[in-house]
Structure formats: structure tokens, C-alpha cells
Amino acid sequence: MSKAVQFDAAKPLDFVAVGRLCIDLNANEINRPMEETVTFTKYVGGSPANICIGMSRLGLKTAFIGKVANDQMGRFITGYLNKEGIDASGVTVDRTGAVTGLAFTEIKSPTDCSILMYRDNVADLLLEAGEVREELIADAKLLLISGTALAQSPSREAVFQALDYAKKHGAVIAFDLDYRPYTWTSDEETAVYYNLAAEKCDIIIGTREEFDMMERLGNNPERDDHITAAKWFNHSADIVIIKHGKDGSIAYTKDGSSHRARSFPAKVVKTFGAGDSYAAGFLYGLMQGWDISASMEFGSAAACIVISSHSCSDAMPKAPEVHAYIEACLKGEITAASN
């Protein structure tokens, strides 16, 4: 099939993300509850940060727009972005005394994982519209936004400023829904701002439950994926991906077709990070000019690699690793028995 999304090859920057930068503290003592966990390993986290790191690892030229705290954790984040080859010139430093968001992870089992978030007075939600660098977005083929950054002002307005610049300069816009209930005041508020942002986006990626949240103000009682996707094709969307957990993902396109891709086995350590690595792999595939199914397959394999690791950001694979993983699965060298 023809490519569903066209990227401007003349632009010098492949990808820019805007939004949450935080710290993941992943439990070292796995297979036990948080109450019994005493040591954690520190990583850079936040969905848009993880996706940006994933894209950079895959060989793309990337940049980030966000805000970090004026503390050791903030400096750890910017240092990590620089080490990964990500242009952090769009990351500003808070001067109000805000802190870095923390996410403690609990790994009770490969399928029973949870996250305890500390999100009060966090720097990333203080990004202001005036701090969004237009030239970074003007240079980018693809802009990624994520839902958490819409939860509060001034970050909310900063995201809409970024969307406006992307529209002005012809960047493709991807929206990772990334719904985190603890940063919002009501379901209705969530639905309003998610819908306003989604209207402007070319690619929308989320779980069935996240789309359900967006449809609280609409009418889709059967939770029908076709109805969900069709709404966004009346706006800017070209691709809508609806994820159904273990049942896999379905990509809907404006031409009325739907796409699935094969899934792969994994030796699962934890569940979080799968969505971020999937998004990075899928978007990378689209930017290589692959068809949607091949891009989804690449994203699925990247996700398998990340959930087989203790970390999210540190585990983001390079392209040869993903291709090798797919090949090993197809040869039967990695099977469901690995779990």
C-alpha cells in the first residue's frame, strides 16, 4: 500500500518530543511488593522521554522540549539526553523551586506491575508556551506530544503552542495518549483537552481504555474501534492505533483499512515500557517508508526487548538488535517457552 503519512525529507531534524521528563526508580527486588522493596535503580523516565531516547537509539536525529528541576535529578536528566545524542537545547531549567517527578515501580511478577508516582509541584508541568522553541519544531519532520503534559497549565498551553508551530511548519504530529489519572482533576477535564489536542494530530496511539476516557463526552457505548477511529479521520488523523493488551494492536487508516502485525514471544521481566518502545519502533518504521504492518511488527519486537529488561530508557534497542530479535523469533530461537 502507499504510505499513509508523508514526511518532509528536506527537514534536518527527524523527531522532536515535548512533555514529561522524570526519574524512574525501578525495584531491584523483583517478585515482591513495594512494601518489601528496599533498593531501586535510577533511570531517566517519562513516556515522551523514553520514546525520544528510543528514536535516538534507532539512529534518528532527535530533540526534546521540556522543563527540568534545578537540582541533581534535573541535571541527571539533561546529562543523559546529551549522552544519548538528543538535542536538549529546548529543555529549560525551572527557577521556582519545583521538583523532579519520581516514579517508583513495583515488580510483583512479570504480569503484576504497578507504578507509584510523586507528581506534586513537578517541573515538567511548568513548561510555558513562550519556552517552546519554534525553530526546533520548524526543523522537525515529526513532533510527538503526550497526554500527561495536557494535565495542567502552563504545560497545557505549551503543548498547544507546539501543535500550532507543527501545523505552521508542516511537521507530522503524533499523539501518545499516555493517560495518568493522578495528574488530572476530573474525567471530564481529561476528555475535553485530549479531544482538543487529538483533533490536530496525524497519528494517534493509545489503549482501548484511553480512548474510552476520551469518549466520555461522546457516544460509543459498545466501545467499537471503528467508531473511535472514524471520528479522528474527520479531523487530521491518518492513522489511529488502538491497543488491546495481550490481544494486540490494530491500526486503522483513513482509507478504511485496518492492519495487524504478528506478535513475538518475550522473556518478560515487567510490563511497563512496552508502550513507549512500541511507539518508538512504529514511528521509526513509518519514517523509513515501511508499510504500516511492517512498522507495527518492528514496534512489537522493540517492546519485547524492553519488557525483557529491568529498565525502560536504558533498554531501548538499536535497529540491528530489533531486526535480530525478529529473525531469532522467526527461526524459533526465541519461543513462548522462554517465559
Side-chain angles (χ1 to χ4, degrees), residues 19-54 66 68-69 71-77 79-80 97-125 146-149 151-152 155 176-187 190 206-210 212-213 243-246 266-280 302-316 338-339:
R20 186 164 100 255
L21 293 160
C22 67
I23 297 292
D24 284 348
L25 292 159
N26 289 5
N28 291 330
E29 293 94 49
I30 64 175
N31 302 321
R32 66 180 64 180
M34 183 85 73
E35 293 85 343
E36 298 173 18
T37 305
V38 294
T39 63
F40 301 81
T41 299
K42 179 176 71 172
Y43 304 105
V44 169
S47 289
N50 287 338
I51 295 169
C52 192
I53 292 162
V68 295
D71 61 15
Q72 297 93 326
M73 295 297 191
R75 290 188 286 277
F76 172 75
I77 291 169
Y80 189 93
V99 297
T100 302
L102 302 177
F104 289 87
T105 66
E106 175 183 61
I107 308 174
K108 287 184 180 179
S109 75
T111 56
D112 186 5
C113 301
S114 64
I115 301 175
L116 177 63
M117 292 283 256
Y118 289 74
R119 294 284 295 160
D120 290 335
N121 190 34
V122 290
D124 61 85
L125 288 174
S146 76
T148 303
Q152 293 178 20
S155 172
D176 172 41
L177 297 186
D178 186 32
Y179 171 60
R180 309 284 176 171
Y182 33 74
T183 50
W184 293 86
T185 58
S186 72
D187 292 347
T190 307
T207 65
R208 181 63 253 178
E209 291 73 23
E210 288 172 328
D212 291 344
M213 174 60 64
K243 297 185 283 188
H244 289 272
K246 291 179 180 178
K267 189 173 182 180
V268 181
V269 173
K270 43 81 169 118
T271 53
F272 43 84
D276 301 339
S277 47
Y278 177 89
C304 286
I305 292 172
V306 170
I307 62 175
S308 301
S309 169
H310 185 257
S311 71
C312 295
S313 54
D314 277 12
M316 290 291 173
S338 301
N339 288 321

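Quick caveat: nothing in here was measured; it's all calculated off a predicted structure.
Taking NZ of Lys42 as the start and CE of Met73 as the end, the distance is 5.0 Å to the nearest 0.5 Å. The CG atom of Asn31 lies 10.0 Å from the OG1 atom of Thr37; values are rounded to the nearest 0.5 Å. In this structure, OG in Ser311 is found 9.5 Å from CZ in Phe272, a value given to the nearest 0.5 Å. A distance of 7.0 Å separates CG in Asp178 from CD in Glu210, rounded to the nearest 0.5 Å. The structure places OG1 of Thr207 at 10.0 Å from CE of Met213, a figure rounded to the nearest 0.5 Å. The structure places CD1 of Ile107 at 9.5 Å from CE of Met34, a figure rounded to the nearest 0.5 Å.
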Query - From CA spacing to verdict: side-chain hydrogen bond (donor to acceptor under 3.5 Å, both in side chains), Thr105, Asn26 - result: CA-CA 5 Å; Thr105 66; Asn26 289 5; 3.2 Å; yes
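In this structure the side chain of Lys270 reaches within 4.5 angstrom of the side chain of Val306, judged on heavy atoms. Put simply, the side chain of Tyr43 reaches to within 4.5 Å of the side chain of His310, judged on heavy atoms. A heavy-atom distance below 4.5 Å is found between the side chains of Thr100 and Asp71. Counting heavy atoms from C-beta on, the side chains of Ser155 and Arg20 never come closer than 4.5 Å. No side-chain heavy atom of Cys22 sits under 4.5 Å from any side-chain heavy atom of Ile77.
Residues Asp314 and Tyr80 have side chains that bring a donor and an acceptor to within less than 3.5 angstrom of each other.
Pairs engaging residues 105-122 under the salt bridge (Lys or Arg N to Asp or Glu O under 4.0 Å) rule: Arg119-Asp124 [sequence neighbours left out].
Residues passing the side chain to side chain donor-acceptor pair (under 3.5 Å) test with Asp276 are Ser47, Asn50, sequence neighbours excluded. In terms of the side chain to side chain donor-acceptor pair (under 3.5 Å) criterion, residue partners of Glu29 (sequence neighbours excluded) are, by chain and number, Thr39.
The two residues Ala98 and Ala69 come nearest to each other via the heavy atoms O-CB, 3.4 Å. Shown here for Ala274 and Ala303, the closest heavy-atom pair between the two residues is O-CB, 3.5 Å. Between Ala49 and Val44, the shortest heavy-atom distance links the atoms CB-CG1, 4.4 Å. Scanning both residues, Gly19 and Ala149, for their nearest heavy atoms gives CA-CB, 4.0 Å. The minimum heavy-atom distance between Thr183 and Ala151, with the atom names listed, is O-CB, 3.3 Å.
For OH of Tyr118, the number of neighbouring non-hydrogen atoms (other residues, nucleotides, ligands) closer than 6.0 Å is 12 at most.
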